[in-house]
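Have a look at this one before I ask anything.
Note that these values count all heavy atoms, side chains included, but never hydrogens, waters or copies made by symmetry. Convention: sequence-line order gives letters A, B, ...; per-chain numbering from 1.
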Number of protein chains: 2
Amino acid sequence: MRQEYPGQKRFLVAVDSIIFGFDGYNIKLLLVQRSLSPETGKWSLMGGFVHPEEDPGAAASRVLQERTGLKDVYIEQFHVFGKPDRDPVERTITIAYFALIDIQQYEQQLTEENNPEWFLLDAMPEMVFDHAEMVAQALRQLRYKAALHPILFQLLPGRFTIPQLQALYEGVYQTKFDDRNFSRKLLSTGLLVKLAEKDKLSSKKGAFYYQLDQSNYEQKFGSFLNLVPNPDKFF
Amino acid sequence: MRQEYPGQKRFLVAVDSIIFGFDGYNIKLLLVQRSLSPETGKWSLMGGFVHPEEDPGAAASRVLQERTGLKDVYIEQFHVFGKPDRDPVERTITIAYFALIDIQQYEQQLTEENNPEWFLLDAMPEMVFDHAEMVAQALRQLRYKAALHPILFQLLPGRFTIPQLQALYEGVYQTKFDDRNFSRKLLSTGLLVKLAEKDKLSSKKGAFYYQLDQSNYEQKFGSFLNLVPNPDKFF
DNA sequence: CCAAAAGTGTTCCTCGTACACCCATGC
DNA sequence: GCATGGGTGTACGAGGAACACTTTTGG
(Lines give C-alpha, C1' and ligand atoms only; values in the text may rest on other atoms or scores of the structure.)
Protein backbone atom coordinates (compact mmCIF):
# COMPACT_ATOMS: atom_id res chain seq x y z
CA MET A 1 0.00 0.00 0.00
CA ARG A 2 1.45 3.35 -1.06
CA GLN A 3 1.29 6.00 1.58
CA GLU A 4 2.40 9.27 0.15
CA TYR A 5 1.25 11.49 2.98
CA PRO A 6 3.43 10.23 5.81
CA GLY A 7 2.68 10.74 9.45
CA GLN A 8 -1.07 10.77 9.04
CA LYS A 9 -3.36 8.21 10.53
CA ARG A 10 -5.76 6.26 8.33
CA PHE A 11 -9.28 5.43 9.44
CA LEU A 12 -11.92 2.89 8.66
CA VAL A 13 -14.68 4.48 6.61
CA ALA A 14 -18.15 3.01 6.69
CA VAL A 15 -21.55 3.83 5.26
CA ASP A 16 -24.76 3.34 7.23
CA SER A 17 -28.26 3.66 5.87
CA ILE A 18 -31.39 4.64 7.71
CA ILE A 19 -33.98 2.80 5.66
CA PHE A 20 -37.50 4.15 5.82
CA GLY A 21 -40.57 2.22 4.76
CA PHE A 22 -44.31 2.81 5.00
CA ASP A 23 -46.80 0.01 5.54
CA GLY A 24 -49.92 2.02 4.78
CA TYR A 25 -50.37 3.18 8.34
CA ASN A 26 -46.99 3.90 9.87
CA ILE A 27 -43.45 4.79 9.07
CA LYS A 28 -41.04 1.98 9.80
CA LEU A 29 -37.33 1.50 9.92
CA LEU A 30 -35.37 -1.53 8.81
CA LEU A 31 -32.75 -2.75 11.26
CA VAL A 32 -30.50 -5.78 11.42
CA GLN A 33 -28.78 -7.62 14.18
CA ARG A 34 -25.11 -6.86 14.30
CA SER A 35 -22.93 -9.75 13.21
CA LEU A 36 -19.56 -8.50 14.38
CA SER A 37 -18.14 -8.35 17.86
CA PRO A 38 -18.69 -6.47 20.13
CA GLU A 39 -22.40 -6.10 20.75
CA THR A 40 -23.15 -9.02 18.48
CA GLY A 41 -26.88 -9.50 18.15
CA LYS A 42 -27.80 -5.98 19.15
CA TRP A 43 -29.82 -3.97 16.65
CA SER A 44 -27.98 -1.86 14.14
CA LEU A 45 -28.43 0.13 10.98
CA MET A 46 -27.54 -1.51 7.72
CA GLY A 47 -24.01 -0.59 6.92
CA GLY A 48 -20.68 -1.73 5.70
CA PHE A 49 -17.18 -0.60 5.01
CA VAL A 50 -16.26 1.34 1.92
CA HIS A 51 -14.19 -0.79 -0.41
CA PRO A 52 -10.77 0.30 -1.67
CA GLU A 53 -11.86 1.38 -5.13
CA GLU A 54 -15.42 2.36 -4.39
CA ASP A 55 -17.17 5.70 -4.14
CA PRO A 56 -19.00 6.08 -0.81
CA GLY A 57 -22.34 6.60 -2.51
CA ALA A 58 -21.78 3.45 -4.50
CA ALA A 59 -20.93 1.63 -1.30
CA ALA A 60 -24.22 2.70 0.26
CA SER A 61 -26.14 1.50 -2.79
CA ARG A 62 -24.24 -1.76 -2.83
CA VAL A 63 -24.93 -2.51 0.82
CA LEU A 64 -28.58 -1.68 0.29
CA GLN A 65 -28.83 -3.98 -2.68
CA GLU A 66 -26.99 -6.82 -1.01
CA ARG A 67 -29.29 -6.70 1.95
CA THR A 68 -32.67 -5.79 0.50
CA GLY A 69 -32.44 -6.80 -3.13
CA LEU A 70 -33.43 -3.29 -4.18
CA LYS A 71 -31.80 -1.19 -6.88
CA ASP A 72 -32.47 2.37 -7.95
CA VAL A 73 -33.56 3.44 -4.52
CA TYR A 74 -33.84 7.04 -3.38
CA ILE A 75 -30.80 7.55 -1.22
CA GLU A 76 -29.33 10.73 0.14
CA GLN A 77 -26.19 11.44 2.09
CA PHE A 78 -26.98 13.61 5.07
CA HIS A 79 -24.23 13.59 7.68
CA VAL A 80 -20.89 12.21 8.71
CA PHE A 81 -20.51 10.82 12.19
CA GLY A 82 -16.95 10.68 13.36
CA LYS A 83 -16.51 11.11 17.08
CA PRO A 84 -13.27 9.39 18.04
CA ASP A 85 -14.90 6.94 20.43
CA ARG A 86 -18.14 6.19 18.62
CA ASP A 87 -16.97 2.67 17.83
CA PRO A 88 -15.10 1.34 20.87
CA VAL A 89 -13.19 -1.24 18.86
CA GLU A 90 -11.42 0.94 16.38
CA ARG A 91 -12.00 4.42 15.20
CA THR A 92 -14.51 4.44 12.34
CA ILE A 93 -15.86 7.37 10.41
CA THR A 94 -19.30 6.64 9.06
CA ILE A 95 -21.15 8.43 6.30
CA ALA A 96 -24.87 8.30 6.97
CA TYR A 97 -27.49 8.02 4.24
CA PHE A 98 -31.20 7.85 4.44
CA ALA A 99 -33.06 5.66 2.00
CA LEU A 100 -36.73 5.62 1.05
CA ILE A 101 -38.07 2.35 -0.23
CA ASP A 102 -41.37 0.87 -1.26
CA ILE A 103 -41.88 -1.61 1.53
CA GLN A 104 -43.79 -3.93 -0.77
CA GLN A 105 -40.81 -4.30 -3.04
CA TYR A 106 -38.60 -5.30 -0.19
CA GLU A 107 -38.12 -8.98 0.26
CA GLN A 108 -35.85 -10.45 2.81
CA GLN A 109 -32.83 -11.87 1.07
CA LEU A 110 -32.25 -15.57 1.49
CA THR A 111 -28.60 -14.90 2.04
CA GLU A 112 -29.44 -12.66 4.93
CA GLU A 113 -28.25 -14.21 8.13
CA ASN A 114 -28.89 -11.41 10.54
CA ASN A 115 -32.66 -11.24 10.82
CA PRO A 116 -33.63 -7.87 9.42
CA GLU A 117 -36.81 -6.52 10.92
CA TRP A 118 -39.05 -3.48 10.54
CA PHE A 119 -39.58 -1.32 13.60
CA LEU A 120 -42.05 1.42 14.38
CA LEU A 121 -40.47 4.72 15.29
CA ASP A 122 -42.03 4.71 18.73
CA ALA A 123 -40.98 1.16 19.44
CA MET A 124 -37.32 1.18 18.54
CA PRO A 125 -35.04 -1.29 20.27
CA GLU A 126 -31.80 -0.34 21.89
CA MET A 127 -29.20 0.19 19.21
CA VAL A 128 -25.44 -0.18 18.91
CA PHE A 129 -23.02 2.71 19.26
CA ASP A 130 -24.47 6.06 18.23
CA HIS A 131 -27.06 4.62 15.85
CA ALA A 132 -29.99 5.99 17.82
CA GLU A 133 -28.64 9.49 17.36
CA MET A 134 -28.18 8.82 13.67
CA VAL A 135 -31.80 7.74 13.39
CA ALA A 136 -33.00 10.84 15.22
CA GLN A 137 -31.07 13.06 12.89
CA ALA A 138 -32.21 11.18 9.81
CA LEU A 139 -35.81 11.66 10.86
CA ARG A 140 -35.31 15.37 11.33
CA GLN A 141 -33.70 15.56 7.92
CA LEU A 142 -36.53 13.59 6.35
CA ARG A 143 -39.12 15.92 7.85
CA TYR A 144 -37.19 18.97 6.79
CA LYS A 145 -36.73 17.87 3.23
CA ALA A 146 -40.19 16.40 2.80
CA ALA A 147 -41.76 19.71 3.81
CA LEU A 148 -40.16 21.36 0.80
CA HIS A 149 -39.67 18.66 -1.81
CA PRO A 150 -41.79 15.74 -2.96
CA ILE A 151 -39.59 12.93 -1.72
CA LEU A 152 -42.16 10.88 0.16
CA PHE A 153 -43.56 9.51 -3.08
CA GLN A 154 -40.57 7.22 -3.03
CA LEU A 155 -42.12 5.32 -0.15
CA LEU A 156 -45.24 4.39 -2.09
CA PRO A 157 -45.78 1.98 -4.97
CA GLY A 158 -46.00 3.34 -8.51
CA ARG A 159 -49.76 3.61 -8.16
CA PHE A 160 -51.26 5.17 -5.07
CA THR A 161 -54.29 7.12 -3.90
CA ILE A 162 -54.34 10.54 -2.33
CA PRO A 163 -55.64 9.27 1.01
CA GLN A 164 -52.69 6.87 1.11
CA LEU A 165 -50.34 9.74 0.44
CA GLN A 166 -51.97 11.75 3.17
CA ALA A 167 -51.65 8.93 5.68
CA LEU A 168 -47.98 8.85 4.80
CA TYR A 169 -47.49 12.55 5.42
CA GLU A 170 -49.45 12.27 8.64
CA GLY A 171 -47.20 9.44 9.71
CA VAL A 172 -44.07 11.38 9.01
CA TYR A 173 -45.24 14.48 10.86
CA GLN A 174 -47.35 12.75 13.50
CA THR A 175 -50.30 15.06 12.92
CA LYS A 176 -53.62 15.10 11.12
CA PHE A 177 -53.90 17.25 8.05
CA ASP A 178 -57.15 18.53 6.58
CA ASP A 179 -58.20 15.97 3.94
CA ARG A 180 -59.84 18.50 1.70
CA ASN A 181 -56.98 20.93 1.54
CA PHE A 182 -54.44 18.18 1.24
CA SER A 183 -55.85 16.68 -1.93
CA ARG A 184 -56.37 20.05 -3.57
CA LYS A 185 -52.88 21.15 -2.71
CA LEU A 186 -51.29 18.02 -4.10
CA LEU A 187 -53.30 18.11 -7.28
CA SER A 188 -52.40 21.74 -7.84
CA THR A 189 -48.71 20.90 -7.92
CA GLY A 190 -49.20 19.18 -11.25
CA LEU A 191 -47.11 16.27 -10.07
CA LEU A 192 -49.90 13.71 -10.25
CA VAL A 193 -51.47 11.91 -13.17
CA LYS A 194 -54.95 10.57 -12.51
CA LEU A 195 -55.55 7.00 -13.56
CA ALA A 196 -58.85 5.43 -14.59
CA GLU A 197 -59.03 2.89 -11.82
CA LYS A 198 -60.16 3.33 -8.24
CA ASP A 199 -59.10 1.70 -5.05
CA LYS A 200 -62.30 0.36 -3.55
CA LEU A 201 -60.79 -1.51 -0.64
CA SER A 202 -60.51 1.20 1.92
CA SER A 203 -63.75 3.07 1.27
CA LYS A 204 -67.13 2.70 -0.35
CA LYS A 205 -66.81 5.58 -2.71
CA GLY A 206 -63.32 4.55 -3.72
CA ALA A 207 -60.32 6.75 -4.33
CA PHE A 208 -58.72 7.21 -7.71
CA TYR A 209 -55.25 5.94 -8.27
CA TYR A 210 -52.56 8.38 -9.31
CA GLN A 211 -49.03 8.09 -10.50
CA LEU A 212 -46.18 10.53 -10.66
CA ASP A 213 -45.76 12.74 -13.69
CA GLN A 214 -42.09 11.98 -14.06
CA SER A 215 -41.04 14.98 -16.11
CA ASN A 216 -42.87 17.47 -13.91
CA TYR A 217 -41.44 15.68 -10.92
CA GLU A 218 -37.87 16.19 -11.97
CA GLN A 219 -38.48 19.73 -13.02
CA LYS A 220 -40.22 20.88 -9.87
CA PHE A 221 -38.16 18.85 -7.48
CA GLY A 222 -35.69 21.62 -6.86
CA SER A 223 -38.11 24.43 -6.15
CA PHE A 224 -39.72 25.05 -2.81
CA LEU A 225 -43.14 23.52 -2.55
CA ASN A 226 -45.43 23.95 0.41
CA LEU A 227 -46.51 20.41 1.01
CA VAL A 228 -46.93 20.55 4.76
CA PRO A 229 -49.25 23.02 6.47
CA ASN A 230 -47.58 25.25 9.06
CA PRO A 231 -44.22 23.55 8.69
CA ASP A 232 -42.46 25.88 11.09
CA LYS A 233 -43.76 24.12 14.14
CA PHE A 234 -41.85 20.99 13.26
CA PHE A 235 -38.44 22.61 13.52
CA MET B 1 -2.26 0.38 16.05
CA ARG B 2 -5.08 -1.99 16.95
CA GLN B 3 -7.06 -3.17 14.00
CA GLU B 4 -10.03 -5.15 15.17
CA TYR B 5 -11.87 -5.26 11.88
CA PRO B 6 -9.43 -7.24 9.78
CA GLY B 7 -9.38 -7.25 6.03
CA GLN B 8 -10.71 -3.71 5.64
CA LYS B 9 -8.79 -0.93 4.11
CA ARG B 10 -8.19 2.30 6.02
CA PHE B 11 -8.30 5.70 4.36
CA LEU B 12 -6.95 9.14 4.94
CA VAL B 13 -9.71 11.43 6.13
CA ALA B 14 -9.45 15.15 5.55
CA VAL B 15 -11.58 18.21 6.12
CA ASP B 16 -11.77 21.06 3.63
CA SER B 17 -13.46 24.39 4.20
CA ILE B 18 -14.98 26.67 1.63
CA ILE B 19 -14.53 30.02 3.35
CA PHE B 20 -16.88 32.77 2.27
CA GLY B 21 -16.30 36.42 2.97
CA PHE B 22 -17.99 39.65 1.88
CA ASP B 23 -16.07 42.84 1.25
CA GLY B 24 -19.09 45.12 1.06
CA TYR B 25 -19.56 44.63 -2.66
CA ASN B 26 -18.84 41.04 -3.55
CA ILE B 27 -18.69 37.55 -2.17
CA LYS B 28 -15.18 36.23 -1.99
CA LEU B 29 -13.51 32.95 -1.27
CA LEU B 30 -10.32 32.36 0.65
CA LEU B 31 -7.85 30.01 -1.00
CA VAL B 32 -4.30 28.96 -0.27
CA GLN B 33 -1.46 27.63 -2.31
CA ARG B 34 -0.97 23.95 -1.78
CA SER B 35 2.17 23.10 0.15
CA LEU B 36 2.32 19.37 -0.50
CA SER B 37 3.35 17.53 -3.60
CA PRO B 38 1.92 17.05 -6.20
CA GLU B 39 0.52 20.27 -7.59
CA THR B 40 2.52 22.31 -5.10
CA GLY B 41 1.68 25.97 -5.46
CA LYS B 42 -1.65 25.42 -7.16
CA TRP B 43 -4.67 26.96 -5.44
CA SER B 44 -6.54 24.88 -2.96
CA LEU B 45 -9.20 25.04 -0.28
CA MET B 46 -8.07 25.27 3.30
CA GLY B 47 -7.94 21.82 4.67
CA GLY B 48 -6.09 19.29 6.68
CA PHE B 49 -6.15 15.76 7.90
CA VAL B 50 -8.31 14.67 10.80
CA HIS B 51 -6.15 13.84 13.80
CA PRO B 52 -6.33 10.49 15.53
CA GLU B 53 -8.39 11.61 18.52
CA GLU B 54 -10.28 14.44 16.93
CA ASP B 55 -13.87 14.86 15.85
CA PRO B 56 -14.11 15.95 12.20
CA GLY B 57 -16.03 19.10 13.09
CA ALA B 58 -13.34 19.98 15.59
CA ALA B 59 -10.73 19.37 12.93
CA ALA B 60 -12.44 21.81 10.59
CA SER B 61 -12.56 24.45 13.33
CA ARG B 62 -8.96 23.83 14.23
CA VAL B 63 -7.74 24.22 10.66
CA LEU B 64 -9.78 27.37 10.32
CA GLN B 65 -8.34 28.84 13.46
CA GLU B 66 -4.78 27.88 12.63
CA ARG B 67 -5.02 29.54 9.29
CA THR B 68 -7.25 32.55 9.86
CA GLY B 69 -7.00 33.20 13.59
CA LEU B 70 -10.77 33.04 13.88
CA LYS B 71 -12.75 31.18 16.51
CA ASP B 72 -16.50 30.72 16.89
CA VAL B 73 -17.10 30.87 13.20
CA TYR B 74 -20.29 29.70 11.51
CA ILE B 75 -19.33 26.40 9.96
CA GLU B 76 -21.53 23.71 8.48
CA GLN B 77 -20.76 20.28 7.16
CA PHE B 78 -22.40 19.82 3.79
CA HIS B 79 -20.99 16.92 1.83
CA VAL B 80 -18.42 14.17 1.70
CA PHE B 81 -16.30 13.80 -1.36
CA GLY B 82 -14.79 10.39 -1.73
CA LYS B 83 -14.29 9.30 -5.32
CA PRO B 84 -11.46 6.75 -5.35
CA ASP B 85 -9.24 8.78 -7.63
CA ARG B 86 -9.94 12.29 -6.45
CA ASP B 87 -6.49 12.56 -4.94
CA PRO B 88 -4.02 10.87 -7.30
CA VAL B 89 -1.44 10.29 -4.60
CA GLU B 90 -3.40 8.26 -2.16
CA ARG B 91 -7.06 7.74 -1.62
CA THR B 92 -8.45 10.46 0.61
CA ILE B 93 -12.00 10.97 1.80
CA THR B 94 -12.70 14.60 2.50
CA ILE B 95 -15.50 16.08 4.54
CA ALA B 96 -16.44 19.47 3.16
CA TYR B 97 -17.58 22.38 5.29
CA PHE B 98 -18.57 25.84 4.38
CA ALA B 99 -17.66 28.68 6.67
CA LEU B 100 -18.98 32.23 6.84
CA ILE B 101 -16.65 34.80 8.29
CA ASP B 102 -16.55 38.53 8.81
CA ILE B 103 -13.84 39.45 6.37
CA GLN B 104 -12.77 42.37 8.55
CA GLN B 105 -11.97 40.07 11.42
CA TYR B 106 -9.73 37.98 9.25
CA GLU B 107 -6.07 38.75 9.45
CA GLN B 108 -3.47 36.82 7.67
CA GLN B 109 -1.54 34.73 10.18
CA LEU B 110 2.13 35.45 10.43
CA THR B 111 2.80 31.75 10.55
CA GLU B 112 1.07 31.33 7.25
CA GLU B 113 3.54 30.33 4.62
CA ASN B 114 1.24 29.57 1.74
CA ASN B 115 -0.04 32.96 0.69
CA PRO B 116 -3.77 32.89 1.35
CA GLU B 117 -5.73 35.14 -0.97
CA TRP B 118 -9.33 36.20 -1.49
CA PHE B 119 -10.87 35.49 -4.89
CA LEU B 120 -14.03 36.69 -6.54
CA LEU B 121 -16.39 33.94 -7.59
CA ASP B 122 -16.17 34.90 -11.22
CA ALA B 123 -12.39 35.08 -11.17
CA MET B 124 -11.44 31.83 -9.55
CA PRO B 125 -8.07 30.34 -10.41
CA GLU B 126 -7.59 26.77 -11.47
CA MET B 127 -7.81 24.58 -8.42
CA VAL B 128 -6.34 21.35 -7.18
CA PHE B 129 -8.11 17.99 -7.57
CA ASP B 130 -11.90 18.28 -7.35
CA HIS B 131 -11.90 21.50 -5.36
CA ALA B 132 -13.69 23.46 -8.07
CA GLU B 133 -16.58 21.04 -7.85
CA MET B 134 -16.59 21.38 -4.09
CA VAL B 135 -16.80 25.14 -4.41
CA ALA B 136 -19.67 24.91 -6.86
CA GLN B 137 -21.60 22.68 -4.54
CA ALA B 138 -20.86 24.84 -1.52
CA LEU B 139 -22.22 27.84 -3.33
CA ARG B 140 -25.40 25.99 -4.23
CA GLN B 141 -25.78 24.94 -0.63
CA LEU B 142 -25.19 28.47 0.59
CA ARG B 143 -27.85 29.83 -1.73
CA TYR B 144 -30.28 27.14 -0.76
CA LYS B 145 -29.87 27.60 2.94
CA ALA B 146 -29.69 31.39 2.86
CA ALA B 147 -33.03 31.53 1.07
CA LEU B 148 -34.68 29.90 4.07
CA HIS B 149 -32.56 30.77 7.08
CA PRO B 150 -30.79 33.93 8.20
CA ILE B 151 -27.22 32.70 7.87
CA LEU B 152 -25.77 35.53 5.82
CA PHE B 153 -25.62 37.78 8.86
CA GLN B 154 -22.53 35.80 9.77
CA LEU B 155 -20.68 37.49 6.93
CA LEU B 156 -21.21 40.98 8.31
CA PRO B 157 -19.77 42.74 11.34
CA GLY B 158 -21.85 42.98 14.50
CA ARG B 159 -23.23 46.32 13.35
CA PHE B 160 -24.51 46.69 9.83
CA THR B 161 -27.02 48.64 7.79
CA ILE B 162 -29.88 47.27 5.77
CA PRO B 163 -28.40 48.42 2.46
CA GLN B 164 -25.22 46.53 3.33
CA LEU B 165 -27.26 43.45 4.03
CA GLN B 166 -29.08 43.85 0.76
CA ALA B 167 -25.85 44.18 -1.18
CA LEU B 168 -24.78 40.94 0.43
CA TYR B 169 -27.93 39.10 -0.62
CA GLU B 170 -27.61 40.53 -4.09
CA GLY B 171 -24.05 39.30 -4.24
CA VAL B 172 -25.01 35.82 -3.21
CA TYR B 173 -27.86 35.55 -5.70
CA GLN B 174 -26.38 37.71 -8.44
CA THR B 175 -29.57 39.73 -8.83
CA LYS B 176 -31.05 43.02 -7.77
CA PHE B 177 -33.78 42.98 -5.17
CA ASP B 178 -36.30 45.75 -4.61
CA ASP B 179 -34.81 47.99 -1.91
CA ARG B 180 -38.15 48.95 -0.42
CA ASN B 181 -39.50 45.46 -0.03
CA PHE B 182 -36.20 44.14 1.18
CA SER B 183 -35.94 46.42 4.16
CA ARG B 184 -39.57 45.93 5.15
CA LYS B 185 -39.28 42.18 4.88
CA LEU B 186 -36.17 42.04 7.00
CA LEU B 187 -37.56 44.35 9.65
CA SER B 188 -40.76 42.32 9.84
CA THR B 189 -38.83 39.21 10.83
CA GLY B 190 -38.08 40.75 14.19
CA LEU B 191 -34.47 39.68 13.90
CA LEU B 192 -33.04 43.18 13.87
CA VAL B 193 -32.51 45.71 16.63
CA LYS B 194 -32.24 49.31 15.48
CA LEU B 195 -29.33 51.26 16.88
CA ALA B 196 -29.15 55.01 17.42
CA GLU B 197 -26.27 55.65 15.08
CA LYS B 198 -26.28 56.05 11.33
CA ASP B 199 -23.77 55.16 8.69
CA LYS B 200 -23.23 58.36 6.78
CA LEU B 201 -20.41 57.21 4.58
CA SER B 202 -22.27 55.63 1.74
CA SER B 203 -25.15 58.06 1.41
CA LYS B 204 -26.23 61.54 2.33
CA LYS B 205 -29.30 60.59 4.28
CA GLY B 206 -27.45 57.89 6.13
CA ALA B 207 -28.68 54.42 6.99
CA PHE B 208 -29.31 53.28 10.54
CA TYR B 209 -27.15 50.58 11.98
CA TYR B 210 -28.77 47.39 13.20
CA GLN B 211 -27.62 44.41 15.14
CA LEU B 212 -29.01 40.92 15.51
CA ASP B 213 -31.56 40.21 18.21
CA GLN B 214 -29.74 37.15 19.44
CA SER B 215 -32.62 35.40 21.19
CA ASN B 216 -35.04 35.89 18.32
CA TYR B 217 -32.32 34.77 15.99
CA GLU B 218 -31.85 31.44 17.66
CA GLN B 219 -35.54 30.90 18.04
CA LYS B 220 -36.51 31.65 14.46
CA PHE B 221 -33.47 30.13 12.87
CA GLY B 222 -35.10 26.76 12.39
CA SER B 223 -38.33 27.90 10.79
CA PHE B 224 -38.71 28.70 7.14
CA LEU B 225 -38.32 32.36 6.38
CA ASN B 226 -38.80 33.85 2.97
CA LEU B 227 -35.78 36.04 2.68
CA VAL B 228 -35.26 35.85 -1.06
CA PRO B 229 -37.92 36.87 -3.59
CA ASN B 230 -38.94 34.15 -6.02
CA PRO B 231 -36.37 31.71 -4.72
CA ASP B 232 -37.49 28.92 -7.01
CA LYS B 233 -35.65 30.30 -9.97
CA PHE B 234 -32.31 29.76 -8.28
CA PHE B 235 -32.70 25.99 -8.07
C1' DC C 1 -81.64 5.05 3.15
C1' DC C 2 -77.86 5.59 5.93
C1' DA C 3 -73.06 5.68 7.05
C1' DA C 4 -68.49 6.66 5.65
C1' DA C 5 -65.07 8.29 3.05
C1' DA C 6 -63.65 11.14 -1.28
C1' DG C 7 -63.38 15.30 -3.02
C1' DT C 8 -65.29 20.28 -4.47
C1' DG C 9 -66.72 25.15 -3.36
C1' DT C 10 -66.45 29.19 -0.75
C1' DT C 11 -64.70 32.57 2.27
C1' DC C 12 -61.32 34.80 4.78
C1' DC C 13 -57.04 36.57 5.31
C1' DT C 14 -52.10 36.73 5.28
C1' DC C 15 -48.25 37.82 2.87
C1' DG C 16 -45.42 38.63 -1.22
C1' DT C 17 -44.72 41.74 -4.91
C1' DA C 18 -44.80 45.98 -7.53
C1' DC C 19 -44.49 50.58 -7.67
C1' DA C 20 -45.64 55.68 -6.19
C1' DC C 21 -44.20 58.55 -3.02
C1' DC C 22 -41.98 60.97 0.99
C1' DC C 23 -37.71 61.95 3.85
C1' DA C 24 -33.06 63.38 5.14
C1' DT C 25 -28.92 65.33 3.97
C1' DG C 26 -24.51 67.09 1.54
C1' DC C 27 -23.10 69.76 -1.97
C1' DG D 1 -32.59 73.36 -4.55
C1' DC D 2 -31.49 69.29 -6.31
C1' DA D 3 -29.49 64.91 -6.60
C1' DT D 4 -28.96 60.68 -4.06
C1' DG D 5 -30.02 57.09 -1.60
C1' DG D 6 -33.04 55.49 2.68
C1' DG D 7 -37.24 54.27 3.88
C1' DT D 8 -42.83 54.22 4.22
C1' DG D 9 -47.59 53.71 2.04
C1' DT D 10 -50.67 51.54 -0.86
C1' DA D 11 -52.82 48.40 -3.83
C1' DC D 12 -53.30 44.16 -6.09
C1' DG D 13 -53.25 39.24 -6.37
C1' DA D 14 -51.88 34.49 -5.27
C1' DG D 15 -52.40 31.05 -2.37
C1' DG D 16 -52.85 28.88 2.32
C1' DA D 17 -56.10 27.59 5.95
C1' DA D 18 -60.67 26.64 7.80
C1' DC D 19 -64.93 24.65 7.19
C1' DA D 20 -69.81 23.73 4.86
C1' DC D 21 -71.31 20.91 1.62
C1' DT D 22 -71.96 17.41 -2.22
C1' DT D 23 -70.92 12.96 -4.28
C1' DT D 24 -70.41 7.97 -4.46
C1' DT D 25 -71.40 3.48 -3.13
C1' DG D 26 -71.67 -0.76 0.03
C1' DG D 27 -74.37 -2.64 3.33
(message) Quick check on DNA chain C: between B:Ser203 and B:Pro231, whose nearest nucleotide comes earlier from the 5' end?
(response)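 Upstream on the strand: B:Pro231.
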
(message) For B:Arg159, run the side chain to side chain donor-acceptor pair (under 3.5 Å) check against B:Gln164, B:Glu197, B:Gln211 and tell me which one passes.
(response)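 Output: one option passes, namely B:Glu197.
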
(message) Whether the B:Glu76 and B:Tyr74 side chains hold a donor-acceptor pair (N or O, under 3.5 Å, no angle test) is what I'd like checked.
(response)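 Looking only at side-chain atoms, B:Tyr74 and B:Glu76 do form a donor-acceptor pair, the distance falling under 3.5 Å.
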
(request) Kindly indicate whether the side chain of B:Leu225, heavy atoms from C-beta on, has any atom under 4.5 Å from the side chain of B:Leu191. (result)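 Heavy-atom side-chain distance check passes, below 4.5 Å.
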
(request) Decide whether a cation-pi geometry holds between A:Lys194 and A:Tyr210; the criteria are a distance under 6.0 Å from NZ or CZ to the six-membered ring centre and an angle within 45° of the ring axis. (result)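 Output no; distance or angle outside limits.
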
(request) Calculate the interatomic distance between B:Lys198 atom NZ and D:dG5 atom P; express it in whole Å. (result)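 The answer, rounded to whole Å, is 15 Å.
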
(request) Starting at atom CG of B:Asn226, determine the distance to atom C1' of D:dG16, rounded to an integer number of angstrom. (result)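 Taking CG of B:Asn226 and C1' of D:dG16, I get 14 Å after rounding.
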
(request) For the side chain of A:Ile162, starting at C-beta, report the closest nucleotide among C:dC19, D:dA17, C:dG7. (result)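 Of C:dC19, D:dA17, C:dG7, C:dG7 is nearest to the side chain of A:Ile162.
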
(request) Give the rounded distance in Å between these two atoms: CZ of A:Phe177 and C1' of D:dG16. (result)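 About 14 Å, once rounded to whole Å.
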
(request) Please determine, for the side chain of A:Ala207, which listed nucleotide (D:dA3, C:dG7, D:dA18) has the closest atom? (result)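 For the A:Ala207 side chain, the nearest candidate turns out to be C:dG7.
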
(request) May I ask you to verify whether the side chain of B:Arg180 and the base of C:dA20 hold a donor-acceptor pair under 3.5 Å? (result)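 Answer yes: a donor N or O sits under 3.5 Å from an acceptor.
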
(message) Rounded to whole Å, please give me the gap between CG in A:Leu187 and P in C:dT8.
(response)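 After rounding, the reported distance stands at 7 Å.
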
(request) Write down the distance between CZ (A:Arg184) and P (D:dA14), rounded to a whole number of angstrom. (result)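 The answer, rounded to whole Å, is 16 Å.
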
(message) Counting only side-chain nitrogens and oxygens, does B:Lys200 get under 4.0 Å of the OP1 or OP2 atom of D:dG5?
(response)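 So the side chain of B:Lys200 is outside the cut-off, no N or O lying under 4.0 Å from OP1 or OP2 of D:dG5.
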
(request) Could you please name the option among C:dT8, D:dG7, C:dA6 that lies closest to any side-chain atom of B:Phe208? (result)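 My answer, after comparing the listed nucleotides, is D:dG7.
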
(request) Measure the distance from OH on A:Tyr209 to P on C:dG7 and round it to the nearest whole Å. (result)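 So the OH-P distance, A:Tyr209 to C:dG7, works out to 12 Å.
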
(request) Over all heavy atoms of both residues, which pair between B:Val73 and B:Leu70 is shortest? Give the atoms and the distance, please. (result)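 Scanning both residues completely, I find the closest heavy atoms to be CG2-CB, 3.6 Å.
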
(message) Less than 4.0 angstrom between a side-chain N/O of B:Asn230 and OP1 or OP2 of C:dT17, yes or no?
(response)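 For B:Asn230, the contact criterion (side-chain N or O under 4.0 Å from OP1 or OP2 of C:dT17) is met.
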
(message) Between the base of C:dA6 and the side chain of A:Lys205, is one N or O donor paired with an acceptor at under 3.5 angstrom?
(response)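 Checked by distance alone, the answer is yes.
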
(message) As a test of reading the structure: which of C:dG26, D:dA17, C:dG16 is closest to the side chain of A:Lys185, going by heavy atoms?
(response)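 Taking heavy atoms from C-beta onward, the closest nucleotide is D:dA17.
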
(message) Can you measure A:Phe182 atom CZ to C:dT8 atom P for me and round it to whole angstrom units?
(response)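 For the pair A:Phe182 CZ and C:dT8 P, the rounded distance is 14 Å.
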
(message) Between P on D:dA17 and CG on A:Asp179, what's the gap in Å once rounded to a whole number?
(response)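 In whole Å, D:dA17 P lies 14 Å from A:Asp179 CG.
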
